[in-house]
**Q** 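Okay, handing you the structure first.
Just so you know, these numbers come straight off a predicted model, no measurement behind them.
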Amino acid sequence: MKNSYFFEAQDLVIDVIHSSEWVTTMMHLMKLAGNNLYEHSIHVALLTASMALSGNQELLSDISIDSLILGAFLHDIGYIGVPCIPNRLVMNHEYNPIEKMAFDIHITAGIEQVRLHTKDHIVLDIVSKHHEYLDGSGAPYGL
């Protein structure tokens, strides 16, 4: 049974990535930016799809699984075009000054890029708030 969730999740991610030309283009740009960014984005999208498929469907009744997967896939899209992508794509206080600058701008750059192509509030929320933490210590808003 577990394998069926994996294959279904994999199919969903492939479908979402190839659902529109701009998303496919973003995927190719991620590959050019570096394997770490591309692989990280694919892994987050697969994990999100697996959780959505195996989780409480009532909680997701008002949310499109495609939107969740797209947001997960594009969450770090703001790193495209940044000259220095941190090796660890997580919030880390050990970044050198250039990596810290890249981290700080990737959310703003990502939301600006995604906003050009979609008005989907789920996708926009994921891209803009993916480094927020429940204790309010996250970035960029400290929500």
Side-chain angles (χ1 to χ4, degrees), residues 1-92 94-95 98-143:
M1 194 65 157
K2 291 179 184 178
N3 288 341
S4 67
Y5 280 131
F6 173 77
F7 291 120
E8 192 175 347
Q10 189 176 20
D11 289 343
L12 276 172
V13 170
I14 291 168
D15 288 347
V16 166
I17 291 171
H18 295 289
S19 65
S20 69
E21 191 173 329
W22 76 272
V23 178
T24 304
T25 300
M26 292 295 119
M27 178 194 67
H28 291 295
L29 289 172
M30 276 188 229
K31 284 182 180 179
L32 291 173
N35 251 7
N36 285 348
L37 178 61
Y38 172 72
E39 289 176 9
H40 172 71
S41 298
I42 291 290
H43 290 152
V44 172
L46 280 169
L47 180 61
T48 300
S50 296
M51 289 175 13
L53 290 170
S54 63
N56 184 338
Q57 296 302 310
E58 289 179 23
L59 291 175
L60 297 174
S61 63
D62 294 336
I63 299 173
S64 160
I65 291 178
D66 286 0
S67 295
L68 285 175
I69 294 168
L70 184 57
F73 179 68
L74 296 174
H75 76 283
D76 275 337
I77 202 71
Y79 279 123
I80 290 177
V82 174
C84 175
I85 299 173
N87 287 328
R88 294 168 311 275
L89 295 174
V90 295
M91 192 166 163
N92 183 333
E94 297 175 15
Y95 285 155
I98 294 173
E99 289 175 327
K100 176 74 170 101
M101 180 189 68
F103 174 83
D104 289 344
I105 65 170
H106 91 277
I107 297 171
T108 305
I111 197 67
E112 287 174 7
Q113 180 60 240
V114 172
R115 197 175 277 140
L116 293 173
H117 302 284
T118 185
K119 302 293 182 227
D120 186 322
H121 72 280
I122 299 298
V123 175
L124 295 170
D125 278 353
I126 292 170
V127 173
S128 67
K129 297 174 183 159
H130 71 274
H131 283 289
E132 296 293 341
Y133 297 119
L134 291 174
D135 68 0
S137 65
Y141 309 111
L143 299 176

**Q** Mind checking side chain to side chain contact (heavy atoms under 4.5 Å, CB included) for Val16 and listing every partner two or more places apart, or none if nothing turns up?
**A** Asp66, Ile69, Leu70

**Q** I need the Ile107 CD1 to Ile77 CD1 distance, nearest 0.5 Å.
**A** 14.0 Å

**Q** Who passes side chain to side chain contact (heavy atoms under 4.5 Å, CB included) against Ile105, sequence neighbours left out?
**A** Val82

**Q** How far does CG of Leu74 sit from CE of Met26, to the nearest 0.5 angstrom?
**A** 8.0 Å

**Q** Quick one: which residue pairs count as a ring-ring contact (aromatic ring centres under 6.0 Å, His included) with a foot in residues 106-127, not counting sequence neighbours?
**A** Trp22-His117, Tyr79-His106, Phe103-His106, His106-His130, His106-His131

**Q** According to side chain to side chain contact (heavy atoms under 4.5 Å, CB included), who are the partners of Ser19, at least two apart in sequence or on a separate chain?
**A** none

**Q** Could you tell me which non-hydrogen atom of Ala52 sits nearest to which non-hydrogen atom of Leu68, and how far apart they are?
**A** CB-CD1, 4.4 Å

**Q** So, applying side-chain contact (heavy atoms from CB on, under 4.5 Å) with Leu46, which one of Val44, Thr48, Ile42 is it?
**A** Ile42

**Q** Begin with the C-alpha distance, continue with both residues' side-chain angles, and end with the deciding distance and a verdict on side chain to side chain contact (heavy atoms under 4.5 Å, CB included) for Met30 and Ile80.
**A** CA-CA 6 Å; Met30 276 188 229; Ile80 290 177; 4.0 Å; yes

**Q** Please report the shortest heavy-atom distance between Phe73 and Ser41, naming the atom on each side.
**A** O-CB, 3.3 Å

**Q** Where is the tightest heavy-atom contact between Ser128 and Ile111, given as atom of each residue plus distance?
**A** CB-CD1, 3.8 Å

**Q** Could you give the distance from CD1 (Ile65) to CG (Asp15), rounded to the nearest 0.5 Å?
**A** 12.5 Å

**Q** Could you give all pairs that pass the salt bridge (Lys or Arg N to Asp or Glu O under 4.0 Å) test and reach residues 112-125, with sequence neighbours left out?
**A** Asp125-Lys129

**Q** Counting N and O atoms only, with roles assigned by atom type, does the side chain of His43 sit under 3.5 Å from a partner on the main chain of Glu39, one being a donor and the other an acceptor?
**A** yes

**Q** Count the heavy atoms of every other residue, nucleotide or ligand shown that sit under 6.0 Å from CG of Leu116, and state whether that count exceeds 12.
**A** yes

**Q** Apply side chain to side chain donor-acceptor pair (under 3.5 Å) to Asp62 and list each qualifying residue two or more places apart in sequence or on a separate chain.
**A** none

**Q** Where is the tightest heavy-atom contact between Ala49 and Val13, given as atom of each residue plus distance?
**A** CB-CG2, 4.0 Å

**Q** Side chain of His75, backbone of Ala72: donor and acceptor closer than 3.5 Å?
**A** yes

**Q** Just how far is it from atom OG1 of Thr118 to atom CD of Gln113, taken to the nearest 0.5 Å?
**A** 12.0 Å

**Q** Please report the shortest heavy-atom distance between Ala109 and Gly78, naming the atom on each side.
**A** CB-O, 3.9 Å

